[in-house]
Amino acid sequence: MSREKEEASFSILRIYDEPEDRRSEFESPGISSQRELQVRSHLDRSEPQTSWLSEAEPGEAAEFSPSGLPGSEFGQPCPSPPPSEEVCSFLGAIPPVADEVVVRQRTPRESWKVGKLRHGKKVYAVAISSSTHHVYTCGHGYIKVWDESALHAWNKAPQAQLNFQDHQNCVLTCKLFPDEQSLITGGLSRTLTLWDLAPTPRIRAQLASTGPMCYSLAISSNAQICLACFKGFVEIWDLQNQILIRKHEVPEYGSRCVDIAGNKFWTGGEDTSLYSWDLRSYQKLQQHNLHHEILSITHDPSEEWMLVGLRTSDVIILHTHRKEKFKAVIHKYIHHHNIKFASCGSYFVTTLDESIHCLAAPSLQRLFQVEEATEILCCDVSSDNQYLVTGSKNSATVYQLLY
């Protein structure tokens, strides 16, 4: 893996609302006839909504696969050369699989606003558990816990309110553990707080951090490592033993967001560069110049693709191992940009100030769009893919996802 600074060059991915919109792309004058044949050939071999449609940005070279197309789904290899006649003959002899026995990941067709959680102050961080459908709204002075009955109500009291000892403490970020039995929070406090959630929420431990403000948290898929992002450094914690492994220096203005995927972690922020780091050697692996401020970073369930939300509202999509880089263009200057990938991997949600966009992966078909009255500060999707929760001024809004 190159450790040199890289100028980011992308293929442009176009978000579309209907399949007809996508088919019209083939008639765009910007796509050469050879390019059109490549795309049509790929679509002939796969379902209409399981391929990327991309076009190289003018003046920029595509560095990735020869066809310029990523795989048919996140984390899958790029299209290979056409098979030989012998292989085609062998494949042709295999009987087709009936549609009714093919298992396909569902994507929501729309959302239904079912409730409002009256937090009382700005909701800077939110988490929802799929096992109990409890929602945790976090902000200044306290965390409120809401049971499932409150998700379908408009003015129900919370099940519990967890007050901080220091009333000036404000939670800016939270992460559920993969088993959803624990929660970690960070923010305007020199501690990271570990919460046991069952049978009732209680503090398990407080980890003494070395920075005054934690901007972002990330937890490894095995729940052994936690990364906490501060201005100019990332703390790397052993969660099982509650030990600080390392205080890792990163660029001062490149530390607003953090995420972890496999043996790498990623940071980004105001300096407009996305950095990847080796979690074992702590060496910088790559630096991608994205030219716009980075507001959010997340990965898909396979941990092979990183999604980066920019101040311009564009979404950058990078492969964690291969030199494949794409840009989904929206072109809207925003203050808040959150991205949350569904656990099933078939869609993700991106919030852009007051707007919610739910996009299919990897096709980027817009499944639905919702407008809220105030700016959205955070969001989460339950791991059973039933609920979407957004946090904003004074409250959180609950949406049930309809399939």
Side-chain angles (χ1 to χ4, degrees), residues 1-10 13 124-125 172-175 186-187 211 213-220 225-236 246-279 282-300 303-330 332-341 348-353 377-379:
M1 182 71 71
S2 170
R3 288 178 169 82
E4 297 181 355
K5 190 174 182 178
E6 294 187 7
E7 287 293 328
S9 57
F10 309 97
L13 300 174
Y124 289 108
L172 301 176
T173 175
C174 70
K175 285 290 181 182
M213 181 183 296
C214 177
Y215 298 105
S216 178
L217 292 166
I219 297 178
S220 62
I225 300 294
C226 175
L227 305 180
C229 213
F230 298 83
K231 187 174 183 179
F233 64 92
V234 173
E235 289 183 347
I236 303 173
R246 180 181 175 88
K247 179 180 177 180
H248 180 72
E249 291 189 3
V250 299
E252 182 177 5
Y253 295 101
S255 56
R256 171 181 290 185
C257 316
V258 66
D259 199 17
I260 181 173
N263 292 317
K264 298 179 185 179
F265 66 97
W266 304 72
T267 61
E270 294 90 338
D271 70 357
T272 76
S273 290
L274 178 70
Y275 305 89
S276 67
W277 311 85
D278 191 304
L279 196 54
Y282 306 113
Q283 297 297 310
K284 182 170 72 173
L285 299 176
Q286 285 183 317
Q287 177 178 340
H288 302 275
N289 294 327
L290 304 183
H291 309 296
H292 298 284
E293 185 178 351
I294 296 170
L295 300 184
S296 58
I297 305 173
T298 192
H299 62 268
D300 79 311
E303 297 193 350
E304 292 198 23
W305 294 93
M306 301 301 299
L307 274 65
V308 183
L310 303 183
R311 175 75 74 182
T312 56
S313 77
D314 297 342
V315 178
I316 302 298
I317 303 163
L318 303 98
H319 197 276
T320 57
H321 306 301
R322 300 191 297 264
K323 289 189 175 182
E324 300 182 28
K325 293 176 281 192
F326 303 88
K327 181 192 292 183
V329 179
I330 301 177
K332 175 187 175 186
Y333 193 82
I334 54 174
H335 294 97
H336 303 284
H337 192 167
N338 301 281
I339 304 177
K340 177 66 179 182
F341 225 109
F348 62 92
V349 172
T350 176
T351 67
L352 312 171
D353 285 348
L377 306 178
C378 56
C379 70

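Sequential numbering from 1 along the given sequence is applied to the chain's residues.
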Output the distance between atom CZ (F10) and atom CG (L290), rounded to the nearest 0.5 Å. 5.0 Å

Minimum heavy-atom distance between I339 and S296, given as atom pair plus value: CG1-OG, 3.7 Å

For the student: nearest non-hydrogen atoms of Y215 and K231, plus distance: CE1-N, 3.5 Å

Just do the side-chain contact (heavy atoms from CB on, under 4.5 Å) check on C226 and L217 with the steps written out, would you? CA-CA 7 Å; C226 175; L217 292 166; 4.1 Å; yes

Once the angle between the rings of F265 and W277 is folded into 0 to 90°, is it parallel (under 30°), tilted (30 to 60°) or perpendicular (over 60°)? parallel

Does the D259 side chain pair with the main chain of H299, one donor and one acceptor, at a distance under 3.5 Å? yes

What pair of heavy atoms forms the shortest contact from D271 to P251, and how long is it? OD2-CB, 3.7 Å

Please report the closest heavy-atom contact between I334 and L310, naming both atoms and the distance. CD1-O, 3.8 Å

Should the pair F230 and F233 be assigned to parallel (<30°), tilted (30 to 60°) or perpendicular (>60°) ring geometry? parallel

For K325 and L318, the nearest pair of non-hydrogen atoms, with its separation, is CG-CD2, 3.6 Å

If I take atom NE2 from residue H288 and atom NZ from residue K323, how far apart are they, to the nearest 0.5 angstrom? 9.5 Å

Distance in Å, E304 CD paired with E324 CD, rounded so as to fall on 0.5 Å steps: 10.0 Å

Could you give the distance from NZ (K327) to CG (L13), rounded to the nearest 0.5 Å? 10.5 Å

Separation between CD1 (I260) and CG (L227), nearest 0.5 Å, reads 4.5 Å

For the residue pair F348 and F341, categorise the inter-ring angle as parallel (less than 30°), tilted (30 to 60°) or perpendicular (more than 60°). tilted

If we only count heavy atoms from C-beta on, is the V234 to T267 side-chain gap below 4.5 Å? yes

Pair H337-S313, side-chain donor/acceptor within less than 3.5 Å: no

Has the side chain of R311 got a donor or acceptor atom that lies under 3.5 Å from a matching backbone atom of I294? no

Yes or no on side-chain contact (heavy atoms from CB on, under 4.5 Å) for T320 and E303, after CA distance, side-chain angles and deciding distance? CA-CA 8 Å; T320 57; E303 297 193 350; over 6 Å; no

Classify the side-chain pair N338/T351 by whether it contains a donor and acceptor separated by less than 3.5 Å. yes

Heavy-atom closest pair (G232 atom, S255 atom, distance to 0.1 Å) is N-OG, 3.0 Å

Where the side chain of D353 meets the backbone of H335, is there a donor-acceptor pair that is under 3.5 Å apart? yes

How far does CG of L274 sit from SG of C257, to the nearest 0.5 angstrom? 9.5 Å

Step by step, would you call I297 with M306 a side-chain contact (heavy atoms from CB on, under 4.5 Å)? CA-CA 7 Å; I297 305 173; M306 301 301 299; 3.6 Å; yes

Do side-chain atoms of D314 reach the backbone of I330 as a donor and acceptor pair under 3.5 angstrom? yes

Under the side-chain contact (heavy atoms from CB on, under 4.5 Å) criterion, do K340 and T298 qualify, and how do the steps go? CA-CA 7 Å; K340 177 66 179 182; T298 192; 5.7 Å; no

